[in-house]
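Structure record follows, encoded as structure tokens.
Nothing fancy with the numbering, it's 1 onward along the sequence.
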Amino acid sequence: MYYNSSSSNGSEGSVDDESSVSSSEEESGLDMVKRNDPRKTGISYGDIQHVTEEESWEELGRDISNNTHLDELFLCAGALDQHKMSLLFRGLTRSSSINSVTLYRDEFSVPGVRSMVPFLENANNLTYLCVNDNNLQSEGFNLLFRALRDSPVETLCCAICDIGSIEIDADNFPRNLMDLDLSENSISADGCEEIAKLLQGGGSTLTKLDLTMNNIHDNGAAILADALRNNTSLATLQLTDNMVTIEGAKLFLQLVNDVSSIKATQESNRTLRSIRLEDWRIAQNVKEQIQRHIDKAAAINFINANNPEVAGRAKVVRTLLNSANRAELMELQGVNQSSLYGEINSLHLPEVLALIGEKHGQGELYIALKLSIAGVISMVTRTHCLQERRVYHRARLEAVEAEIAGIDTADGGVAQVTNESRSSKRRRS
């Protein structure tokens, strides 16, 4: 038996009898785990609240290890502590069925994480792990991260865990990790340097990163923005309530829509679909302006998620080919507002102008014509010259062809006279 219960000597229907029934039901739940009953697929606080003996915790761990139907452990809000963790995971060293483990606010720290390592290394179906609101600190997180190297874990939640510095070994991090929650910790620029390792290279798998309420300033923002320039996996980045100023926010705007040139716009990050930067340190009007443009670029990425080339072209059309958007973005990014149309081959201008009229209306088309008139004139002049040259060469070709035809005709007449002369001589002979 996993727990201590008091026997009842009362009459049927007494309060003691009701407690006995309740205890029996709880015992039955853990006995179902022991019997590997397929109807029992999860363990929560209600199942283990009466487990008191040390050997019972270890026995429970062994039973969970041997069970092939359990898929969830949900032991939160004091269900475990440091000592119970060590006992439970002394028996629980592996699992072939558990895919979700939530140990929220269980008051464990580095020793608790250390006791979990054998289980984490041998839980071959585990995809979700939440250890929010425990005192992991940096050492515990680094230990946890290394233990999950070959794990199938896709989601790791380590919010409110007093994590400051992070050490990520490029060869020892979760290979399948997609969603990482590090919100409400103390991560700074040094931590961003380590996190950048997860975002760089062709093997990056991370699609969501939550760094809400950390200690990230503009230098940390610059590190993250630089790491994401060529990243093709991360879709969601949360940076709300950090120490990022307007200058740091502009780095993420430039990341998703760089208006320094047509090529830069086309090649801006085409994977990020959401970047949240809300912070009281950024003036409300500027914050809304920057966030609005980020959201527009991210929406284009979202709509064209399966076609990055189309996403790049759409940003050019919707931002650079619209005078108001272009001017606002160039001012925000400190880009010299030179004529966009100088970058466009004059022979392609009719197509571009038609696109502006179609997407942005006649007013924008008029503005575009004024700005591109030099190119249009150049194009017209060149076209006229090419047409004149074509007429000239066509006339020359016709003259040459006529001369050749004349020569052929003359050669034919000479040949005919010669043949007639030969025939006449033969008759006289």
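Ion pairing between a basic and an acidic side chain is recognised when a charged N comes within 4.0 Å of a carboxylate O; Arg114 and Glu139 show such pairing. The residues Glu121 and Arg94 are annotated as not salt-bridged, no charged nitrogen and carboxylate oxygen being separated by less than 4.0 angstrom. At a threshold of 4.0 Å, the pair Lys263-Asp258 does not count as salt-bridged, since none of the basic side-chain nitrogens sits closer than that to a carboxylate oxygen. For Glu309 and Arg270, the salt-bridge test passes: some basic side-chain N is under 4.0 Å from an acidic carboxylate O. In summary, Glu59 and Arg62 do not engage in a salt bridge, as defined by a charged side-chain N under 4.0 Å from a carboxylate O. Salt bridge absent: Lys197 and Asp169 never bring a charged side-chain N and a carboxylate O closer than 4.0 Å.
For the 3.5 Å distance criterion, the side chains of Asn257 and Arg318 fail to qualify, holding no donor opposite an acceptor. For the residue pair Ser183 / Asp181, a side-chain donor-acceptor distance below 3.5 Å is found, with atom types taken as modelled. Using modelled atom types, one finds no donor on one side chain facing an acceptor on the other under 3.5 Å when comparing Gln82 with Glu107. Side-chain atoms of Thr205 and Ser233 form no donor-acceptor pair, as typed in the model, at a separation below 3.5 Å. Side-chain polar atoms of Asn301 and Lys315 form a donor-acceptor pair below 3.5 angstrom.
The 12-atom threshold is exceeded at NZ of Lys296, counting heavy atoms of other residues, nucleotides or ligands nearer than 6.0 Å. Surrounding CD of Glu167 are at most 12 heavy atoms belonging to other residues, nucleotides or ligands under 6.0 Å away. For CG of Asn230, the number of neighbouring non-hydrogen atoms (other residues, nucleotides, ligands) closer than 6.0 Å is 12 at most.
Residues Leu211 and Asn242 share a closest heavy-atom pair of O-ND2, 2.9 Å.
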(request) Give the intermediate values and the outcome of side chain to side chain contact (heavy atoms under 4.5 Å, CB included) for residues Gln289 and Glu331. (result) CA-CA 12 Å; Gln289 186 182 36; Glu331 182 178 0; over 6 Å; no
(message) Apply side chain to side chain contact (heavy atoms under 4.5 Å, CB included) to residues Thr155 and Thr127 and explain how you reach the verdict.
(response) CA-CA 6 Å; Thr155 300; Thr127 59; over 6 Å; no
(request) Take Ser274 and Thr236 through the side-chain hydrogen bond (donor to acceptor under 3.5 Å, both in side chains) test and state the conclusion after the steps. (result) CA-CA 5 Å; Ser274 175; Thr236 302; 5.1 Å; no
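In this structure, Ser96 and Asn124 have side chains that are in contact, with non-hydrogen atoms separated by less than 4.5 Å. For the pair Phe141/Leu182, a side-chain contact is recorded, criterion being any heavy-atom separation below 4.5 Å from C-beta on. Under the 4.5 Å side-chain criterion, counting only non-hydrogen atoms from C-beta, Leu239 is in contact with Ile216.
Taking CG from Leu80 and CZ from Phe108, the interatomic distance works out to 8.0 Å, rounded to the nearest 0.5 Å.
Here Glu401 pairs with nothing under the salt bridge (charged side-chain N to carboxylate O under 4.0 Å, His left out) rule; sequence neighbours left out.
In this structure, Asn134 contributes its side chain and Ser109 its backbone to no donor-acceptor pair below 3.5 Å. Put simply, the side chain of Asn214 gets close to the backbone of Thr212: a donor and an acceptor are under 3.5 Å apart. Judged by distance alone, with hydrogens and angles left aside, the side-chain atoms of Ser151 form no donor-acceptor pair with the main-chain N or O of Ala147 at under 3.5 Å. In this structure a side-chain-to-backbone donor-acceptor pair under 3.5 Å is missing from Thr271 to Ala235. Side-chain N or O atoms of Asn185 include none that pairs as donor or acceptor with a backbone N or O of Ile187 at under 3.5 Å.
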